[in-house]
Asker: 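Pasting a structure here, questions to come.
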Protein chains: 2
Amino acid sequence: MATIGDVARVAGVSRSTASYALSGKRAITPAVRAKVEEAVRELGYTPNAGARALATSQTRVLGLLARFLEDEFAPAMLQYILGVTDEARRLGYDTLLVSEEDGVRALQRLANSRMVDGFVLLNVAERDDRLGVLREARQPGVLVGLPERTSGVDVFDLDFVATGRLMVDRMHELGHHELILVSQPEHVVERGGAYVWRLANAARERAAQLGIGLHTYFGSSSQPSIGQDLNGFLDAHPTATGLLLNNEAAAAALPSVLAARGLRIPEDISVIGRYSDDFARTFSLPFSSIDSAADELGRAAVQQLVARIEGRIAAGAPNIVHLISPEIHERGSTAAPREILDQSG
Amino acid sequence: MATIGDVARVAGVSRSTASYALSGKRAITPAVRAKVEEAVRELGYTPNAGARALATSQTRVLGLLARFLEDEFAPAMLQYILGVTDEARRLGYDTLLVSEEDGVRALQRLANSRMVDGFVLLNVAERDDRLGVLREARQPGVLVGLPERTSGVDVFDLDFVATGRLMVDRMHELGHHELILVSQPEHVVERGGAYVWRLANAARERAAQLGIGLHTYFGSSSQPSIGQDLNGFLDAHPTATGLLLNNEAAAAALPSVLAARGLRIPEDISVIGRYSDDFARTFSLPFSSIDSAADELGRAAVQQLVARIEGRIAAGAPNIVHLISPEIHERGSTAAPREILDQSG
DNA sequence: ACGGTTCATCGAACCGGTTCGAGGCTAAGG
DNA sequence: CCTTAGCCTCGAACCGGTTCGATGAACCGT
């Protein structure tokens with residue numbers, strides 16, 4: 001493989017001149033630059049990444065730390081990952097994907113060995129044990145997921161508090177008085193998936209303000225148990241007219257559960273979900289839903305990270321916490337409850 | 001950050017001695033080795049990956065080239081990716097994930113810049129344009145997916161020919177005479193997804209040998225169109241008693257389609273699918289199926305790749321093509337067709 | 001007591017880039 | 001014609017590891 005020394009020899013200049021001609025960091029006579037570029041083309045020269053990293057202390061690689069929790073819906077993670085890798089590539093970076101269970105060790109390994117210029121952490125827990133290491137690392141880090149303490153890192157997440165409120169508000173506007181909220185399994189919460197109770201608490205609070213009855217439940221993360229769960233919830237609250245879903249498996253299972261019970265949407269029951277649009281598309285879920293915005297979050301996180309890496313953000317600039325506002329993607333699964341329709345009709 | 005020079009100074013030895021003490025490539029007095037190790041601990045020393053790569057020409061990083069085709073079921077890809085990253089990590093390697101659309105350019109970039117020690121290509125097409133570059137690269141490569149020409153690379157894939165035969169054989173043993181095969185969308189085949197027609201052709205051939213009627217169709221990759229497709233196929237062949245699925249979306253959609261038509265499994269119709277067990281679990285698909293073995297394939301591919309990288313495979317050793325034999329994971333969705341039961345009952 | 005091994009350690013070179021300071025050349029100005 | 005400034009280019013050092021050959025000390029047998 002050609003080195004910059006080969007390029008220099010072929011172009012008839014010194015190594016340093018070749019380097020400057022390619023980097024443009026010093027003025028080079030056009031004729032010389034042309035000779036160097038010609039030599040590069042002739043030899044098929046590409047800089048050796050290791051050598052460059054050693055000399056510049058920059059690898060142009062980002063570390064992406066995914067965390068796969070059992071009982072969580074894994075495919076959803078792919079959207080975040082692709083958002084990150086695509087945006088990173090667009091900005092000239094490659095992505096090292098780490099799925100190691102021991103995220104702390106992985107983080108230390110990558111940080112100390114200087115393999116990456118920065119970190120993206122996915123699926124961040126309320127008290128994520130990776131954060132301590134990340135704050136001490138010399139490389140900047142961004143999180144996708146909101147932890148308890150956000151100092152020293154930039155954070156991107158869906159605004160789950162606003163999401164909980166929005167779900168209840170929308171149902172309230174339509175005239176519903178009794179709702180059921182199905183969250184992720186309790187395990188997910190215990191292991192730090194704070195977004196689950198953040199949404200649930202906000203929904204509960206808003207429901208209380210509005211005088212709405214809200215029954216909150218954890219649901220399983222896979223069939224067939226989630227189907228049984230759903231039937232149980234519906235049996236327990238026959239007068240509930242609205243269903244809020246913060247659980248992908250529940251969303252996937254609901255159509256057949258409703259069909260089996262002979263319930264139509266939105267005539268008999270209104271539904272609002274929270275999952276990725278991509279998920280909705282693949283399974284053609286007929287529910288109005290709030291997009292998890294995985295792709296958008298991944299991209300925004302990378303942009304911020306790269307800006308920090310490249311020093312485009314003042315060293316002392318405060319860290320940001322960017323929460324994306326939820327929007328309901330309308331698919332016609334909400335309507336006024338039957339009792340209202342009956343009165344008005 | 002501590003360098004090996006710092007370690008050497010603290011331990012009171014030369015840099016080379018420190019290096020040998022850590023690598024074990026030359027004999028070192030136990031006492032000296034202990035001092036070096038103590039210094040490492042004290043300073044929190046970790047070798048600089050770039051410097052090591054420069055000196056050894058080894059990065060201990062694998063390049064993972066994913067290819068996301070539209071109309072293909074993306075979440076399935078995650079299983080392969082995790083199989084690769086986990087196994088790589090187990091063997092001491094990290095994984096650079098590339099999702100770039102221009103796989104050829106990505107491959108060239110990584111190969112020439114010496115960022116990786118080897119390549120894993122996912123979703124390999126019949127005539128994959130990445131293969132030419134891969135064969136010329138100095139780094140070894142393994143494929144997950146069987147292309148037309150396999151020279152110069154190791155290949156791992158599910159045996160789709162055997163899969164097609166197995167599906168038909170099993171139905172034949174049960175006494176079925178007319179089957180419907182639903183494949184991936186035609187787009188997937190056109191873009192080189194040869195496994196689709198490999199399975200279909202094998203099934204067709206075996207059906208002909210056995211005197212079984214086989215209707216083969218392409219199906220859409222998402223709802224609701226795949227639901228309409230399925231209804232159309234069933235309408236067109238009311239006497240067919242068995243359904244073979246080589247299309248994830250079809251598998252996901254089938255339960256509700258069958259429910260709507262009032263068909264029970266396996267009493268009214270037998271079904272055999274081909275998708276990942278993980279997919280089956282998440283959606284609790286009630287069909288006997290042949291696992292795509294994504295995790296297993298990813299792991300086997302990495303093992304082979306690492307063996308080549310580390311020279312544990314003789315330089316002249318021929319390339320291998322490892323096709324995993326399909327196995328039907330029984331979930332009770334197959335039985336003898338009604339006509340037989342009626343006769344015997 | 002002495003030459004020949006063996007063993008542990010050291011110094012220097014090298015991997016392939018980047019970057020700093022120095023110096024040569026040309027052109028402008030007195 | 002000589003000085004000075006400015007523009008390009010070069011040589012050397014450095015980043016942080018690994019590895020080869022050399023060196024010196026300890027140990028062996030005779």
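Labels below follow one simple rule: chain letters A, B, ... track the order of the sequence lines, proteins then strands, and each chain is numbered from 1. Only this structure's heavy atoms are used, side chains among them; waters, hydrogens and symmetry mates stay out. In this text the structure is predicted, and so the values were computed from the model without any measurement.
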Asker: With a 3.5 Å cut-off and just heavy-atom distances, do the side chain of Tyr20(A) and the base of dC20(C) make a donor-acceptor pair?
Answerer: yes
Asker: Which of these nucleotides, dT9(C), dG17(D), dT9(D), is closest to any side-chain atom of Ala51(B)?
Answerer: dG17(D)
Asker: Choosing from dT19(D), dT9(D), dG17(C), which nucleotide comes nearest the side chain of Ile28(A)?
Answerer: dT9(D)
Asker: What N/O pairs connect the protein and nucleotides 5-7 of chain C at under 3.5 Å? Give each pair on its own line.
Answerer:
none

Asker: Both Ser57(B) and Ser16(A) contact DNA chain C. Which one's nearest nucleotide lies toward the 5' end?
Answerer: Ser57(B)
Asker: Measure from the side-chain heavy atoms of Ala55(A) and tell me the nearest of dC10(C), dT19(D), dC15(D).
Answerer: dC15(D)
Asker: As a test of reading the structure: which of dG16(C), dG17(C), dT9(C) is closest to the side chain of Val32(B), going by heavy atoms?
Answerer: dT9(C)
Asker: May I have all residue pairs that pass ring pair (Phe, Tyr, Trp, His ring centres under 6.0 Å) and include part of residues 97-129 of chain A, sequence neighbours excluded?
Answerer: none
Asker: Do Asp128(B) and Arg67(B) come close enough that some side-chain heavy atom pair is under 4.5 Å?
Answerer: yes
Asker: Does Tyr45(B) have a side-chain nitrogen or oxygen under 4.0 Å from the phosphate oxygens OP1 or OP2 of dG17(D)?
Answerer: yes
Asker: Leu131(A) versus Arg135(A): any side-chain heavy-atom pair under 4.5 Å?
Answerer: yes
Asker: I'd like to know if Arg15(B) reaches the base of dG17(D) with its side chain, counting only an N/O donor and acceptor under 3.5 Å.
Answerer: yes
Asker: Grab the NZ-P distance between Lys25(B) and dG17(D) for me, whole Å please.
Answerer: 14 Å
Asker: I'd like to check Thr59(B) versus Tyr93(B) (side-chain heavy atoms, cut-off strictly below 4.5 Å). Are they in contact?
Answerer: no
Asker: When you measure from the side chain of Arg52(A), which nucleotide among dG17(C), dG17(D), dC10(C) comes out closest?
Answerer: dG17(C)
Asker: Do Thr17(B) and Ile28(B) have side-chain heavy atoms sitting under 4.5 Å apart?
Answerer: yes
Asker: Quick one: which of dT19(D), dG16(C), dG17(D) gets closest to the side chain of Leu54(B)?
Answerer: dG16(C)
Asker: Nearest to the side chain of Arg26(A) - dG17(D), dT18(C), dA22(C)?
Answerer: dA22(C)
Asker: Could you tell me whether Ser19(A) contacts a base, only the sugar-phosphate backbone, or nothing, with contacts defined as non-hydrogen atoms closer than 4.0 Å?
Answerer: base
